[in-house]
Amino acid sequence: MQIFKFGGASVKDASGVKNLAEIVSSFGSKKVVVVVSAMGKTTNKLEELVKQAHEGKDYSQTLKELKVYHHEIARDLLGQLPERYIEFEKSLEQALKELNGCEPMLAYDRIVPHGELMSTSIVAAYLDQHVSCTWFDARSVIRTDQYFTEANVDWVVTEKQIITSLKPVAEETVVVTQGFIGSDVEGNSTTLGREGSDYTGAILAYCLNADGFTVWKDVPGILNADPRILEGTEQYEKLSYREVTEMTYYGAQVIHPKTLKPIAQKSIPLIVRSFLDKGKQGTTIATENTTKMIPCFVFKGNQLLVTAQVKDHSFMDEKKLGLILQVLDLLNIKINLMQNSALTFSFCIDNKEFKSKRIKELLNRDFMLSFESPLNLATIKNYTPDSFNKLPWNRTVIMEQKTANNYQVLYR
């Protein structure tokens, strides 16, 4: 059993979907489960729709653009819209009408999953013309809690449902399913966090005891930096689970942060390959690392620095730090960089407006809060003296930290 994951860039147009079909078909009689993301930048468009609909603004033009985009791809591939796609388009329209008064994160999870549902409807209909293929709703097997927008998986229920419902289908045909989405015990759609399709692939690989998990991307493998930001990037041939886990912790975009744990537990190799150059082997992630570790550069934009200061001139002690960390845990917020002094605790997080509002509401009583954004965060993992020269020269440093192996700087 092999798990393949194709991201939005791989299915952004009709030629991309045809390429996916060629890749899957080339594996012949092997059992394959294909996890597909929303097409192109559809998730961004759906996030825009959520905001407009939730605020009571006219979203008709945004919705029209989204529909036209999918219609063109479907007609180029199939000559018509698949019936399943039409159902999900109607479901999206209805959900948008019902957002008024809905809690923001719940509203997000009612709308955004439609990107994956619509894309897989088109991909499965086309792929079925080339191999025996079954469309499968990931929400029917991936059970989560109600941490909307970043839901946590109920592994016991999920594994049971995958083995009972999905595995028998995957033994007979190629399965096309959605990344990024699940459902809670009440049947509400949930999402696993931005770029969560990798994680979906890992969940399926774990529960199905897959022989391998391949992520097909628009890069030849895992690079030591984003080539759009730095020139002269280098590719890793092999990496350990531990090394990649650390890279994703600091924000490297090649794999979703939660992806490694489930496949590492069962020693399932993960391969990152290029859908643009199918002949290349890519990067293999497994138990042992046999590649010399070169510096890895990670850049994150749109960062928010929150500084909490005690109100009574007492120390920022462990009890007060505990209060702050409990709130961040409650809101499912990851700290990207933190620093404390006698009276303050500063932490850098991804800048999400609805979460910063909740931080204010929950911490304002005990602390004086200040917010600074937008900022940028750069991390050099396994740095060398020469690697610092690759950071942006014209920057105002807000905060920096340096350990024996890693360097981080928050800057404007």
Next on the checklist: Would you say the rings of Y108 and F354 are close, in the sense that their centroids are separated by under 6.0 Å?
Outcome noted: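 No, they do not, as the ring centres are separated by 6.0 Å or more.
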
Donor on one side chain, acceptor on other, [X] and [Y], under 3.5 Å:
X	Y	answer
E246	N406	no
Q303	N351	no
D184	Q146	yes
Q309	T344	no
T191	D109	yes

Throw together a table of side-chain donor-acceptor distances under 3.5 angstrom for residues 266-274, partners on residues two or more places apart or in other chains.
{"unit_1": "K266", "atom_1": "NZ", "unit_2": "Y206", "atom_2": "O", "d": "2.8"}
{"unit_1": "K266", "atom_1": "NZ", "unit_2": "N209", "atom_2": "OD1", "d": "2.7"}
{"unit_1": "R273", "atom_1": "NE", "unit_2": "K280", "atom_2": "O", "d": "3.4"}
{"unit_1": "R273", "atom_1": "NH2", "unit_2": "K278", "atom_2": "O", "d": "2.6"}
{"unit_1": "S274", "atom_1": "OG", "unit_2": "L276", "atom_2": "N", "d": "3.0"}
{"unit_1": "S274", "atom_1": "OG", "unit_2": "D277", "atom_2": "N", "d": "3.1"}

Checklist entry - Quick one: which of K258, R194, K334, K352 gives a salt bridge (Lys or Arg N to Asp or Glu O under 4.0 Å) with E150? => result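 Result: among K258, R194, K334, K352, K352 is the only option passing the salt bridge (Lys or Arg N to Asp or Glu O under 4.0 Å) with E150.
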
Checklist entry - Sequence neighbours excluded, which residues qualify as side chain to side chain contact (heavy atoms under 4.5 Å, CB included) partners of R84? => result F88, S121, W135

Please determine if [X] and [Y] form a salt bridge, counting it only when a charged side-chain N lies under 4.0 Å from a carboxylate O.
X	Y	value
E47	K51	no
K319	D317	no
D350	K300	yes
R358	E361	yes

Checklist entry - Do the rings of F6 and W216 sit parallel, tilted or perpendicular, given the 30° and 60° boundaries? => result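 It falls in the parallel class, under 30°.
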
